[in-house]
Each structure stands twice: as structure tokens, then as C-alpha cells.
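Here is the naming used below: chain letters follow the sequence lines, and residue numbers restart at 1 for every chain. Computed from heavy atoms alone, side chains included, the values below leave out hydrogens, waters and symmetry copies. Remember, it's a predicted structure, so these values are computed and weren't measured experimentally.
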Amino acid sequence: MFALADCNNFFVSCERVFNPGLNGRPVVVLSNNDGCIVSRSNEAKKLGIKMGVPLFQVRELVQKHEIVVFSSNYVLYGDMSRRVQETLRTFVPAIEIYSIDEAFLDLRGMEHFDLDALAKKISLTCLRHTGIPVSVGVAPTKTLAKVASKLCKQYPKLRGGCYLYKPADIEKVLKTYPIDDVWGIGRQYTKKLRALGVGTAYEFTQLSAPRVQKMMGITGLRTWKELRAEACIEFMQANPPKQQICVSRSFSKEISDCKELGMQVSMFCAMACEKLRKQNSHCHQALVFILTNPHKEDSPRHFESTLISFQVPTSSTLEINRAILQALQRIFKPFCAYKKAGVVLMEMVPDSAVQGSLFDELDREKHRRLMKAVDKINQKNGYSSVAVATQSLEGIKMNRRYLSPQYTTKWSDIIKVKV
DNA sequence: TCTGGGGTCCTAGGACCC
DNA sequence: TCTGGGGTCCTAGGACCC
């Protein structure tokens with residue numbers, strides 16, 4: 001058996017923990033740059049606010065119903081996520097962190113426990129310890145555990161925990177479960193399946209295996225098997241190092257000045273390199289890209305990227321930054337208004353497997369020690385206490401009009417309680 | 001006026017090798 | 001006149017996830 005612990009409306013729930021006056025009111029949280037709605041309270045969902053819509057398209061609705069709006073506060077959400085994870089770890093030997101608001105729990109070998117009671121207990125404990133409501137679904141496969149956790153959200157009677165294992169129960173649930181809510185079935189497959197008259201998860205399980213494989217490949221077949229209670233998506237306790245690391249942002253105002261753009265890109269580069277070192281990797285390649293606003297029809301559109309290869313894999317911010325800024329010079333076009341830029345690191349190798357070169361001119365040991373010191377200082381004293389001089393000192397040019405305090409990570413933002 | 005930011009896996013087809 | 005058989009690697013594109 002596997003469990004999925006899924007935080008309900010996670011970003012909104014984080015805001016509510018420190019601002020209980022928001023309970024019962026419609027609340028939404030925006031993406032970076034205050035662009036789109038990425039988290040909604042149940043009240044906001046009921047008002048018809050869709051996931052991912054740009055804020056400006058629902059402005060009227062927001063005003064009419066006095067929907068409370070927040071910019072995304074990832075420092076807060078990251079910290080709350082860590083607290084939930086730590087609570088989960090106290091219940092099971094192994095958890096797989098699937099995303100900022102979801103984790104799978106390995107319950108293999110725990111079948112003699114009352115798993116329904118356990119699920120409810122986990123949910124209640126998370127709420128008590130962190131203030132975040134969590135839905136815990138337990139089932140024989142990961143895909144069915146996802147189904148079960150969704151049931152918790154639909155039926156408050158379940159008190160946050162649902163154990164779905166009897167074949168008859170599974171069949172009953174799948175018969176009313178919309179196909180597009182199944183994990184692994186996205187928009188394209190939904191369209192194809194609906195055209196075949198498959199509207200529920202149950203109907204999908206009734207197709208033949210070869211037909212499913214032909215239409216949706218091996219991944220589709222896995223989903224099909226999982227819905228039929230045959231576990232085939234592995235439980236991954238340790239998350240493997242990333243094969244790509246990307247840092248990119250949209251800007252609040254378009255940038256036409258090469259130097260100014262360089263300062264932003266330089267900062268993305270430093271952020272990406274920090275992530276790279278954190279997972280103990282070096283990279284062979286780096287890519288920088290810049291683009292103009294694709295939504296603007298009348299001004300010149302431009303997307304450009306360039307790839308840099310390093311002879312010897314590197315994780316030095318200095319080396320990568322220099323190469324990236326040179327590359328940026330080559331692709332930058334004057335008279336273009338750039339709306340977004342990013343840096344991607346690729347072709348990773350572990351620190352321990354770096355192939356050196358006889359003709360290397362860089363003192364890599366010196367860079368390594370310097371980067372280690374920089375990371376340590378920044379970790380202790382806060383983000384970009386020490387930075388490359390080409391980096392922007394003002395941070396990212398980003399709208400964050402509705403930002404909440406950093407309640408849990410900044411002394412001055414900690415809530416004061418009056419006695 | 002205003003439109004996010006990260007990732008992964010799989011497959012088909014082309015280039016190339018012997 | 002006739003024109004093999006087996007393999008690998010790489011890339012782009014398409015699907016998916018949160």
C-alpha cells in the first residue's frame with residue numbers, strides 16, 4: 001500500500017495559517033510577477049475562478065466578491081512544506097517528496113495496521129503541527145492513492161483520510177471518476193479518450209491493453225495498470241539529481257538595455273549555479289535565452305538562445321557567468337524590448353566524476369574553495385550577501401504587489417502575540 | 001496595463017557505423 | 001538484373017506533472 005499526502009489549496013492554506021481572518025473568504029495566490037492565479041481557496045473555486053487564468057481577466061470578479069489576492073511567497077511556502085514533510089516522516093519509514101505540496105508514503109509492510117485510522121491520524125497531526133489541511137489517500141498503487149486523496153477533499157466526512165482497497169469499492173469510485181482527473185491523463189489524451197466515448201476512469205480500465213499502449217505508449221499503459229490495482233510506478237525515496245537546472249523570470253517592465261538585461265541574467269546564473277553545487281554536480285553546458293513579450297502583437301518579436309559548452313565541466317559561478325554574459329552580447333538585439341530571460345544548466349556530471357583536461361588553465365581548486373565560502377556565507381547571512389559584481393543589486397525586476405510577510409524565516413516578520 | 005516557472009519521460013526519425 | 005542486416009546515438013517534438 002501507498003499513501004499520498006496532498007496539502008489542500010497549499011499556497012492559500014499557508015497564507016491562512018498566519019492570517020486566520022481569511023478563513024471562509026475567497027482567497028487566491030498569484031504566480032511570479034503577479035501574472036496568473038495558481039492557488040485558490042474553495043470559496044474562490046466556487047466563484048468560478050479557474051486555475052492558471054491571468055489576474056487581469058478576472059479583475060471584475062475579484063472586485064465584486066472581494067477576493068483576497070496574494071503574490072507568491074515561496075520562502076514561506078518552502079518552509080511550510082518542510083514542516084509538513086517532517087511531520088509525515090514521523091509516521092512512516094520512507095517518504096517520496098513529489099512536489100512542494102505532495103508526498104508519497106511507503107506503507108509496504110504496514111498492512112496489518114488500521115490504515116484508514118492511520119490516514120486520518122496523519123491528516124489531523126499535520127493540521128495540528130503546521131496548520132495546513134492535508135488529504136491522505138491510501139491505496140494499492142500510487143495512481144489510486146491519488147484518487148483516494150481527492151476523495152478526501154470531496155467528502156469532509158472522511159476527515160482527511162481515505163483507505164481505498166476493496167476491489168468493489170475501487171470499481172465504484174472509478175465509475176464516477178472523470179478521466180481527466182486521473183494522474184497521467186492530460187488534456188490531449190482526454191480529448192482522444194472522450195472521442196472514443198471514454199469519460200470515466202472505469203471506462204478507461206475497460207479498454208484493451210494493446211489498444212491503450214498503441215494510443216498512449218508505455219506511460220499510458222502504466223496508468224491503465226495502476227488503475228487496475230497493479231502497481232508499476234516505482235516509489236522513489238531519494239530524488240535523483242536534476243538533469244537540468246533552469247532559472248528564468250518574466251520582468252515587470254520590459255528591458256531594452258543590454259547592460260540591465262545582463263544584470264538580471266547574471267543573477268539567474270548565480271541562482272542556477274548555487275542549485276547546481278547544492279546537488280553536488282558540475283555541468284558541461286549552459287544556455288541563456290531572452291525573449292520579447294509574445295502577447296504583444298504589434299512590436300517586434302524575438303526569441304533567441306545560445307548554448308555554451310565547457311571543455312571541463314564546471315560549477316563555478318565566475319566561469320559560467322563570464323561565458324553567459326559574453327553569449328548574451330551575441331544574441332542581444334538593440335530596439336527589442338525583452339520581457340523574460342533565463343539560464344539553463346545541462347549535461348550534468350557528479351562532482352566526483354569530473355574529467356579534467358591536460359590543457360586546463362583554470363585553477364579549479366581555487367574556484368571550488370571560493371564557491372564553497374560564498375555558499376556558506378549566503379546560507380548564513382541571507383541570499384546574495386556575497387554576489388558577482390555583474391549581478392543586479394536590487395533583485396529581480398518583478399511585480400509583487402500583494403506579498404505577505406515572511407512569517408517563519410525573518411525575525412522582523414514574526415507575529416507578535418499580545419498577552 | 002496586465003498572460004508563471006519549473007521539471008520528466010517517451011518516441012520517431014535521421015545520421016551514422018560495421 | 002540484382003542493392004542486407006543489425007545496431008547506436010542524437011534530436012526534436014509531444015505528452016505529462018506540479
DNA chain B contacts made by residues 215-235 of chain A, counting heavy atoms under 4.0 Å: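 Going residue by residue through residues 215-235 of chain A, the ones with a heavy atom under 4.0 Å of DNA chain B turn out to be A:Ile218, A:Thr219, A:Arg222.
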Sub-4.0 Å heavy-atom contacts from residues 38-69 of chain A onto DNA chain B, ordered by number: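 Within residues 38-69 of chain A, the residues near DNA chain B are A:Pro54, A:Phe56.
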Partners of A:Val354 by side chain to side chain contact (heavy atoms under 4.5 Å, CB included), sequence neighbours excluded?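 Per chain and number, A:Val354 pairs via side chain to side chain contact (heavy atoms under 4.5 Å, CB included) with A:His282, A:Val312, A:Pro313, A:Val349.
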Using side chain to side chain contact (heavy atoms under 4.5 Å, CB included) as the criterion, list what pairs up with A:Ser135, not counting sequence neighbours.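 A:Ser135: side chain to side chain contact (heavy atoms under 4.5 Å, CB included) contacts with A:Asn8, A:Ser149, A:Cys152, A:Lys153.
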Sequence-distant partners of A:Lys50, salt bridge (charged side-chain N to carboxylate O under 4.0 Å, His left out), two or more places apart: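 If we apply the salt bridge (charged side-chain N to carboxylate O under 4.0 Å, His left out) test to A:Lys50, skipping adjacent residues, there are no hits.
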Distance-only check: which donor-acceptor pairs under 3.5 Å involve side-chain atoms of residues 402-409 of chain A, not counting sequence neighbours?
unit_1	atom_1	unit_2	atom_2	d
A:Tyr402	OH	A:Arg59	NH2	3.0
A:Ser404	OG	A:Glu15	OE1	2.8
A:Ser404	OG	A:Glu15	OE2	3.0
A:Ser404	OG	A:Asn73	ND2	3.0
A:Thr408	OG1	A:Asp79	OD2	2.7

Tell me every residue that passes side-chain hydrogen bond (donor to acceptor under 3.5 Å, both in side chains) with A:Thr223, counting only those two or more places apart in sequence or in another chain.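 So A:Thr223 forms no side-chain hydrogen bond (donor to acceptor under 3.5 Å, both in side chains) with any residue.
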Among all residues two or more places apart in sequence or in another chain, which pass the side-chain hydrogen bond (donor to acceptor under 3.5 Å, both in side chains) test with A:Arg211?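 For A:Arg211 there are no side-chain hydrogen bond (donor to acceptor under 3.5 Å, both in side chains) partners, ignoring immediate neighbours.
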Does A:Leu174 reach the side chain of A:Thr200, with side-chain heavy atoms less than 4.5 Å apart?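 No. Closest side-chain heavy atoms not under 4.5 Å.
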From the 5' end of DNA chain C to its 3' end, which nucleotides mark the outer limits of contact with chain A, defined by a 4.0 Å heavy-atom distance cut-off (strictly under)?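 Contacts span C:dA15 to C:dC18, reading 5' to 3'.
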Base-pair string, DNA chain C, Watson-Crick plus G-U, cut-off 3.5 Å on both distances, | for inter-strand, is ....||||||||||||||
Checking A:Phe268 now: which residues fulfil ring pair (Phe, Tyr, Trp, His ring centres under 6.0 Å) with it, not counting sequence neighbours?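 Here no residue qualifies.
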List in chain and number order the residues that pass ring pair (Phe, Tyr, Trp, His ring centres under 6.0 Å) with A:Tyr338, two or more places apart in sequence or in another chain; answer none if no residue qualifies.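 For A:Tyr338 the ring pair (Phe, Tyr, Trp, His ring centres under 6.0 Å) partners, ignoring immediate neighbours, are A:His302, A:Phe332.
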